[in-house]
Amino acid sequence: MERRIALVDVNNFYVSCERVFRPDLEGRPIVVLSNNDGCVVARSAEVKALGVPMGLPWFQMKDLVREHQILAFSSNYTLYGDLSSRVMAVLGQFAPDQEIYSIDESFLDFTPQPQLDLTATGQAIRHRVKQWVGVPVSVGIGSTTTLPKLANHIAKKQPGWNGVCDLGTLTRKNIDDLLARIEVREVWGVGRKTAMKLAAQGIVTVADLKTADPRRIGERYSVVMERTVRELRGESCIDLEEDAPPRQQIIASRSFGAPVWTEAELAESLRAYKGRAAEKLRHQHSVAGRVGIWLETNRHGLQDAQYHPSATLPLPAPSDDTAKLTQAAIAALRQIYKDGFRYTKAGVMLLELGDRGVEQGQLFGEHLNAGDPARTALMDTLDRVNAKWGKGTLGISSAELQQPRRWAMKHGTMTPAYTTRWSELAIVSEGVKAYKKASAMT
DNA sequence: TCTGGGGTCCTAGGACCC
DNA sequence: TCTGGGGTCCTAGGACCC
């Protein structure tokens, strides 16, 4: 039976989230910035029209900002995460099977409902998400996992589709004509490097790639690319995953707000990052067998002496205890830290993740903290407090409370946690005030 | 100076995604 | 002066073994 897969995604997701509580921003050029207000991670249509590329460093667009009165917002992941779950919940009402693919994208599987008019359903989805959550979405439909991504692209970029494109309603020739007008770079799995290699081979449009020999492509590129070509031809190779498998690794890293020189400050940042990573670990009920850390100097400033060390250490026994994980991270830092470098970023990794409760017992030495109810209760309290009062409220080590935290992240223009804190709930009459304040910040 | 072949496992790095 | 963060998968190459 022919599959019928829809891909729904939110247009300019972070920008659209900011607009939900600031309708005065509709039609104005706005961007959302990465952590540390470093570079552009989301652009409104007005900003895209100005030719601002994704990832442009914020300081490089100051002239453009002045000239076009572009408004900028620090990223507010609490808000985006909350609106994302609301969108996903609404989408889940429309189809029996759903794969949440990213913070702003979801696949819906309509294969079990072959009679359903999917163009009409797509419009119903758009209407309901806009009305219930307040953000605009686009819908693409096709017979494999790769095709709805392209259909979605068509729905967004080519006029006349009104935000919904179902390839299932088109003739083969129709589809091929559409694909001949899309650059191969738009295909899921074709990145910058592969696109360049393909271009050298004369494969420029999606239609070119579709007509290439999958086996040859597989030999020259990879098995992944071969599957992609087959999917373009309508042969289903990539399944949807309804139950997200637990993560195989957990990372927490940050660029520093200001460069850091000392081991003590690096250790302090690693403690904070490890606390966050361990929280994620406990959230998915896993334990880690190995801990890794890395340091970075400024890769962009080549006048700086460069040093990018990393180290990983095994734990005596798999654990989810912040204190034990942190201890290993600090030991790893001791191994690689060198004096005299201007460090700009650090990160921690949790590796060799396993299910809590099924790991091998240790014959000698330490047992897992899961056997220690007091320890487990402490970790649980830690997670609850931080969930309620904000990240970093409660930590394992007093070192986290040292001041000033020069390494701490910059976020100059963050909007309130409108939906997750009573104290920051939007107040209608305050809208004008907020508007003026944000305008002044550019 | 000459210097096998095949298999497995692990790691680092690349490419990609959002 | 100021350039994000968190993931996955695949491949090549080295170490090691027989």
Side-chain angles (χ1 to χ4, degrees), chain A residues 7 9-14 31-43 52-62 65 72-77 80-81 84 99-107 145-146 149 152-153 184-198 218-228 237-238 241 244-259 273 276-277 279-281 284 290 292 294 296-304 308-312 314 342 344-353 409-412:
Chain A
L7 176 73
D9 76 355
V10 182
N11 305 342
N12 316 325
F13 181 52
Y14 298 169
V31 294
V32 172
L33 303 177
S34 65
N35 284 327
N36 276 314
D37 296 341
C39 49
V40 172
V41 293
R43 306 154 291 160
V52 173
M54 185 73 165
L56 186 70
W58 170 237
F59 73 90
Q60 282 178 15
M61 53 181 291
K62 289 281 156 73
V65 169
F73 295 88
S74 301
S75 35
N76 184 346
Y77 290 107
Y80 311 152
S84 172
E99 179 190 346
I100 297 172
Y101 181 73
S102 74
I103 192 164
D104 75 327
E105 286 173 289
S106 177
F107 288 103
T145 310
T146 304
K149 286 259 221 202
N152 192 292
H153 176 84
V184 75
R185 179 71 177 76
E186 299 299 333
V187 175
W188 189 29
V190 178
R192 201 174 50 90
K193 288 279 170 78
T194 307
M196 277 164 61
K197 235 171 122 180
L198 286 169
E219 284 160 20
R220 189 176 300 202
Y221 298 86
S222 69
V223 297
V224 180
M225 279 296 294
E226 179 174 342
R227 278 200 290 264
T228 299
C237 306
I238 306 171
E241 300 214 31
R247 305 247 173 262
Q248 298 174 36
Q249 58 178 39
I250 291 172
I251 294 176
S253 72
R254 283 282 181 278
S255 296
F256 300 134
Y273 303 166
R276 276 210 317 274
E279 206 173 297
K280 289 190 221 171
L281 183 73
Q284 69 165 26
R290 182 173 279 270
W294 76 93
E296 284 183 35
T297 49
N298 181 10
R299 292 176 184 267
H300 303 284
L302 293 178
Q303 70 282 7
D304 286 6
H308 307 134
S310 66
T312 76
R342 189 173 177 270
T344 55
K345 181 175 180 176
V348 302
M349 269 183 298
L350 298 175
L351 306 162
E352 295 177 9
L353 304 192
M409 192 167 81
K410 289 185 286 193
H411 39 70

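Each chain gets a letter, A, B and so on, in the order its sequence line appears, and its residues count up from 1. Keep in mind it's a predicted model, so treat the numbers as computed, not measured.
Closest approach to the A/His300 side chain among C/dT3, C/dT8, C/dG5 is made by C/dT3 (side chain taken as heavy atoms from C-beta onward). The A/Asn35 side chain lies nearest to C/dG5 when the options are C/dG7, C/dT8, C/dG5. Closest contact between the side chain of A/Ile250 and the listed nucleotides C/dG7, C/dG6, B/dC17 involves C/dG7. Proximity note for A/Arg276 (side chain, C-beta onward) versus C/dG5, C/dG6, C/dC10: the nearest is C/dG6.
In this structure, A/Met54 places its CE atom 12 Å from P of C/dG4, rounding to the nearest Å. Between A/Leu7 atom CG and B/dC17 atom P there is a gap of 14 Å when expressed in whole angstrom units. Computed from coordinates, the A/Met349 CE to C/dG7 C1' distance equals 12 Å when rounded to whole Å. Rounded to whole Å, the distance from NE2 on A/His411 to C1' on C/dG5 is 15 Å. Rounded to a whole Å, the CD1 atom of A/Ile100 is 16 Å from the P atom of C/dG7. The CZ atom of A/Arg247 sits 13 Å away from the C1' atom of C/dG5 (whole-angstrom rounding). Here the P atom of nucleotide B/dC18 and the OH atom of A/Tyr77 are 15 Å apart, to the nearest Å. Rounding to whole angstrom units, NE2 of residue A/His308 and P of B/dG14 are separated by 13 Å.
For C/dT3, the OP1/OP2 oxygens have no side-chain nitrogen or oxygen of A/Lys345 closer than 4.0 Å. For B/dC16, neither phosphate oxygen OP1 nor OP2 lies less than 4.0 angstrom from any side-chain nitrogen or oxygen of A/Arg185. Dashed line: the shortest gap from a side-chain N or O of A/Ser102 to OP1 or OP2 of B/dC17 is not under 4.0 Å.
C/dG13 and B/dC10 make up a base pair, with Watson-Crick or G-U wobble contacts both under 3.5 Å.
Judged by a 6.0 Å distance limit and a 45° cone about the ring axis, A/Lys197 is positioned over the six-membered ring of A/Tyr221.
Within 4.0 Å of A/Phe13, counting heavy atoms only, lies no atom of the nucleic acid at all. Nucleic acid contact class of A/Thr194 (heavy atoms, under 4.0 Å, all strands): sugar-phosphate only. The residue A/Val187 sits close only to the backbone: its heavy atoms come under 4.0 Å of sugar-phosphate atoms, none of a base. Across all strands, A/Gln248 comes closer than 4.0 Å only to sugar-phosphate atoms, never to a base (heavy-atom distances). In this structure, A/Lys62 reaches neither bases nor backbone, as no heavy-atom distance under 4.0 Å exists between it and the strands shown. Here A/Asp104 lies in heavy-atom contact (under 4.0 Å) with sugar-phosphate atoms only.
Using modelled atom types, one finds no donor on one side chain facing an acceptor on the other under 3.5 Å when comparing A/Gln60 with A/Trp58. Side-chain contact check for A/His308 and A/Thr297: at least one donor-acceptor pair (N or O, by modelled atom type) lies under 3.5 Å.
B/dG4 sits 16 Å from C/dC16 when the C1' atoms are compared, rounded to a whole Å.
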Grab the N/O contacts between the protein and nucleotides 11-13 of chain B below 3.5 Å, and write none if there aren't any.
none

